[in-house]
Number of protein chains: 4
Amino acid sequence: MVPSIAAASHAEPRKRPSQARSIAAVAAMVEAAARIIETRGWAALTTNHVAERAGFSIGSLYQYFPSKEALLAELLRRERAQLLREVRQATETAASLAPAIEQCIAAGLRHQFGRPALALALEYVPASLAMHQEDTVLRQALDRQLAAVLARHGVAGSATLAADLVALCRGMIDAAALRGETDAAALLPRLLRAVRAVLQPVPGPQ
Amino acid sequence: MVPSIAAASHAEPRKRPSQARSIAAVAAMVEAAARIIETRGWAALTTNHVAERAGFSIGSLYQYFPSKEALLAELLRRERAQLLREVRQATETAASLAPAIEQCIAAGLRHQFGRPALALALEYVPASLAMHQEDTVLRQALDRQLAAVLARHGVAGSATLAADLVALCRGMIDAAALRGETDAAALLPRLLRAVRAVLQPVPGPQ
Amino acid sequence: MVPSIAAASHAEPRKRPSQARSIAAVAAMVEAAARIIETRGWAALTTNHVAERAGFSIGSLYQYFPSKEALLAELLRRERAQLLREVRQATETAASLAPAIEQCIAAGLRHQFGRPALALALEYVPASLAMHQEDTVLRQALDRQLAAVLARHGVAGSATLAADLVALCRGMIDAAALRGETDAAALLPRLLRAVRAVLQPVPGPQ
Amino acid sequence: MVPSIAAASHAEPRKRPSQARSIAAVAAMVEAAARIIETRGWAALTTNHVAERAGFSIGSLYQYFPSKEALLAELLRRERAQLLREVRQATETAASLAPAIEQCIAAGLRHQFGRPALALALEYVPASLAMHQEDTVLRQALDRQLAAVLARHGVAGSATLAADLVALCRGMIDAAALRGETDAAALLPRLLRAVRAVLQPVPGPQ
DNA sequence: TATGAATGAGACTTCATTCAT
DNA sequence: AATGAATGAAGTCTCATTCAT
């Protein structure tokens, strides 16, 4: 009856926390989850463990989240929201395409290398219907964000191109992180080069 | 949420199967696991289920694999070995760099779109120490393979560049698969363009 | 996710037990459940407790029953089947209506006073969809059984009448048990009298 | 399966409500409980749910009732008191035995078919020591009520007979309700006939 | 060697009840 | 008096793994 990830309609936190205490509690639990994933991996992420690390009882956790999955979804949102915000800001403030791109990539790197273990783990969220939807939504938001910048600056075919560029960067960043690279500064020029190259008009044959 | 994988001491099959029957048994179990992952996801991959689908008893499964993790490792090896083999062949038979690259990418696409659900799922293997090591080894093998081609054809800085190229392709392919793209032919030119662009000598700032 | 009685499709035991050991295991668990209900009430009927009393691990219990509810359904069936069997035999062997009725009532009394606490408790099965259906089916079977006898012996309006007679007896027997009466012999004549009276042709006014 | 009711020391409301507000609060909570049982069954009857439906905080509920069980006991009393009152009135105003009986039965039918789901559910109160005592007391009160009428009208052996008559009616009414019968008018003559038949002097064997 | 019944730690979740505010 | 956040014991159920046959 319980387990296996029920296709849940409850990937939302249980209370729109209105009071300061509630907000703090939710934040504490999400952060506890983040730290466990970071330090001990998905396998150690049990609801009891999260509650304990957050300094609450298990009952309290379930007062704020209807399920383990909802907690995870919230964590995913929290992390991705941060990235999305930075990307949005970059695309809105940059004067032209080049710096916009550059700042987006920088944001991506900050996101990945700020808490590398966490960021990497969140790319591999245990699949489940609800989580997958959440994930899809957030990925699309990022793709759209970039597509908009490209379009605004007159780049053609932007939707697919944007998705490819995001995917390409993500692939390179994740692989670097997976190999244990910790130097974002060393990665940045490689990313920039790749992205610029792909954005270059295709040289005609010959 | 995720059936935790008890950390097993070795991720090797229990016996170098000497008899034809053993080889067939191992293959049947690995394939059963693959089919379950493909059709019903990680959550449904229980050892009992695998044994049943393979037409064996659970006891027999544990005669061939010391742990669930070892079974997974074998599956991962099987899949990646196939890709490695094709890539090696491509790099060895191709006359020059361009067709070598092209055939590598084609191999990657075949691998991903041959059994898309499986390939995608295997990028999200529930992390664990042993699996992670296995995964690392196989990724490095691929990276080295490509680095060798690049070096042979006089491309400088080949190690990092190779890793980046592999990562870039993997990122784009996975993202496409995740979005539900099923048309490898449509993806190929985008990959080729990206790889070629990155391989192009950097235009001087002039 | 777990609790509250999920409207289960699984009120059937998990294995049609084919081997002697399985049959014994199922029987042991059902009987353990019966004894717990008898001695300590519904509240003490936990799956862990049942398994322990049956001398099995909790895992084994779930190998034979897909849910707590299925175990209960099996117990209900076991008990009611016994009653149904006796009633069927009574109705088939009795030469005329009077002894048929008499033997049915005697069967009812045996059933109730054989294991009074259990019989009483089973009249108050915690409602749930699956259990309720099971219960309904078994009640109807009993009603139909009696209706058939009545019809065979030329009593008109038998369906409703039979249901009423069964209900009337059940009410009297349960109430007696609830009051702590333990003397079936004292109850039998009262039941007989009531049933005969109701079966008597209605005396015309005047 | 059944939310176990912690054995509470007393099943009395916490205060003889002296103020109008208290009386209203108690009534609101009891009615909320009734409605939940009616509409969503025993499984949904949680104290938090009751408090919410009644428009109070869970803390307030525990100011008026020492335990969930006390709340249930109060509900049981409320429902049975209503029935008892009607029965008492019937027995006190009726001129002779026949109409007294008739009105008692009518009261029983009103009680059952007025709020059928509730009345039926209350016959299946999750057993517990305190509730069982409460239930016993109320059943006895009803039995005594009827025994008194019988005695007053010169029917011999009234105590047991009364108990049997009550039980018989209860059995028939509950079974009808359980089968989904909703027509009290159709049930009344069957009940009357049964009761009258049982009250008839036993015909000599002749 | 093969079988599959048995194990049991441990996961998720609920809900009656308390108590600081 | 009222609130509702917090508690935590306890319940159901799963699944990797073992071992007697």
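Note on naming: letters A, B, ... go to the chains in the order of the sequence lines (proteins, then strands), and numbering restarts at 1 for each one. Predicted model, so just to flag it, every value in this text is computed and none were measured.
Listed pair Ser57(B) / dT3(E) meets the phosphate criterion, a side-chain N or O lying under 4.0 Å from OP1 or OP2. In terms of phosphate contacts, Tyr64(D) brings a side-chain nitrogen or oxygen within less than 4.0 Å of OP1 or OP2 of dA2(F). For Gln63(A), no side-chain nitrogen or oxygen approaches OP1 or OP2 of dA5(F) to under 4.0 Å. Contact check, Thr47(A) against dC12(E): a side-chain N or O comes under 4.0 Å of OP1 or OP2.
In this structure, Tyr64(D) and Phe56(D) have perpendicular ring planes: the angle between them is above 60°, well past the 30° mark.
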Is there a side chain to side chain contact (heavy atoms under 4.5 Å, CB included) between Val125(A) and Tyr124(B) once you walk through the steps?
CA-CA 8 Å; Val125(A) 178; Tyr124(B) 296 79; over 6 Å; no
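At least one side-chain heavy atom of Leu118(B) sits less than 4.5 Å from a side-chain heavy atom of Leu122(B).
Qualifying side-chain hydrogen bond (donor to acceptor under 3.5 Å, both in side chains) partners for Glu52(D), counting only residues two or more places apart in sequence or in other chains: none. Here Thr136(B) pairs with His132(B), Gln140(B) under the side-chain contact (heavy atoms from CB on, under 4.5 Å) rule; sequence neighbours left out. Taking the salt bridge (Lys or Arg N to Asp or Glu O under 4.0 Å) definition, one finds that Arg53(C) meets it with nothing, sequence neighbours left out. Residues satisfying the side-chain hydrogen bond (donor to acceptor under 3.5 Å, both in side chains) test with Ser60(D), not counting sequence neighbours, are Ser57(D).
Summarising the geometry, the separation between CD on Glu52(D) and P on dA16(E) is reported as 13 Å, rounded to the nearest angstrom. A straight line from CD1 of Ile58(A) to C1' of dG10(E) spans 13 Å, rounded to a whole angstrom. When the P atom of dC15(E) is taken as reference, atom CG of Leu71(D) falls 15 Å away, rounded to whole Å. Atom CG of Leu72(D) and atom P of dT17(E) are 11 Å apart (whole Å). Between Arg53(B) atom CZ and dC15(F) atom C1' there is a gap of 18 Å when expressed in whole angstrom units. Rounding to whole angstrom units, CG of residue Leu61(C) and P of dT12(F) are separated by 10 Å. Regarding Ile23(C), its CD1 atom lies at a distance of 13 Å from the P atom of dA5(E), rounded to whole Å. Rounded to an integer number of Å, the gap from Phe65(D) CZ to dA2(F) P is 13 Å.
Annotation: the span from Leu75(B) atom CG to Leu45(B) atom CG amounts to 8.5 Å, rounded to 0.5 Å. To the nearest 0.5 Å, atom CD of residue Glu69(C) and atom CG of residue Leu76(C) are 11.0 Å apart. The distance from atom CG of Asn48(D) to atom CD1 of Ile58(D), rounded to the nearest 0.5 Å, is 4.5 Å.
Nearest heavy-atom pair, Val26(D) versus Phe65(D), reported as atom, atom and distance to 0.1 Å: CG1-CZ, 3.7 Å.
Comparing Ser60(C) and Ser60(B), the nucleotide of DNA chain E nearest to each residue sits closer to the 5' end for Ser60(B). If you find the closest nucleotide of DNA chain F to Asn48(A) and to Thr46(B), the one lying nearer the 5' end belongs to Asn48(A).
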Under 3.5 Å donor-acceptor pairs involving side-chain atoms of residues 29-40 of chain B, not counting sequence neighbours:
unit_1: Glu31(B); atom_1: OE1; unit_2: Arg78(B); atom_2: NH1; d: 2.8
unit_1: Glu31(B); atom_1: OE1; unit_2: Arg78(B); atom_2: NH2; d: 3.0
unit_1: Glu31(B); atom_1: OE1; unit_2: Arg115(B); atom_2: NH1; d: 3.2
unit_1: Glu31(B); atom_1: OE2; unit_2: Arg35(B); atom_2: NH1; d: 3.0
unit_1: Glu31(B); atom_1: OE2; unit_2: Arg115(B); atom_2: NH1; d: 3.3
unit_1: Glu31(B); atom_1: OE2; unit_2: Arg115(B); atom_2: NH2; d: 3.0
unit_1: Glu38(B); atom_1: OE1; unit_2: Arg115(B); atom_2: NH2; d: 2.9
unit_1: Glu38(B); atom_1: OE2; unit_2: Arg115(B); atom_2: NE; d: 2.9
unit_1: Thr39(B); atom_1: OG1; unit_2: Arg35(B); atom_2: O; d: 2.7
unit_1: Arg40(B); atom_1: NH1; unit_2: His49(B); atom_2: NE2; d: 3.4

Polar atoms only, N or O, under 3.5 Å: list the protein pairs with nucleotides 19-21 of chain F and their distances.
none

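Within residues 29-40 of chain D, no residue is approached by DNA chain F to less than 4.0 Å at the level of any non-hydrogen atom.
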Fill in the dot-bracket string of DNA chain F, one character per base: . for unpaired, | for a pair to another strand, ( ) or [ ] for pairs within the strand, taking Watson-Crick or G-U pairs under 3.5 Å.
.||||||||||||||||||||
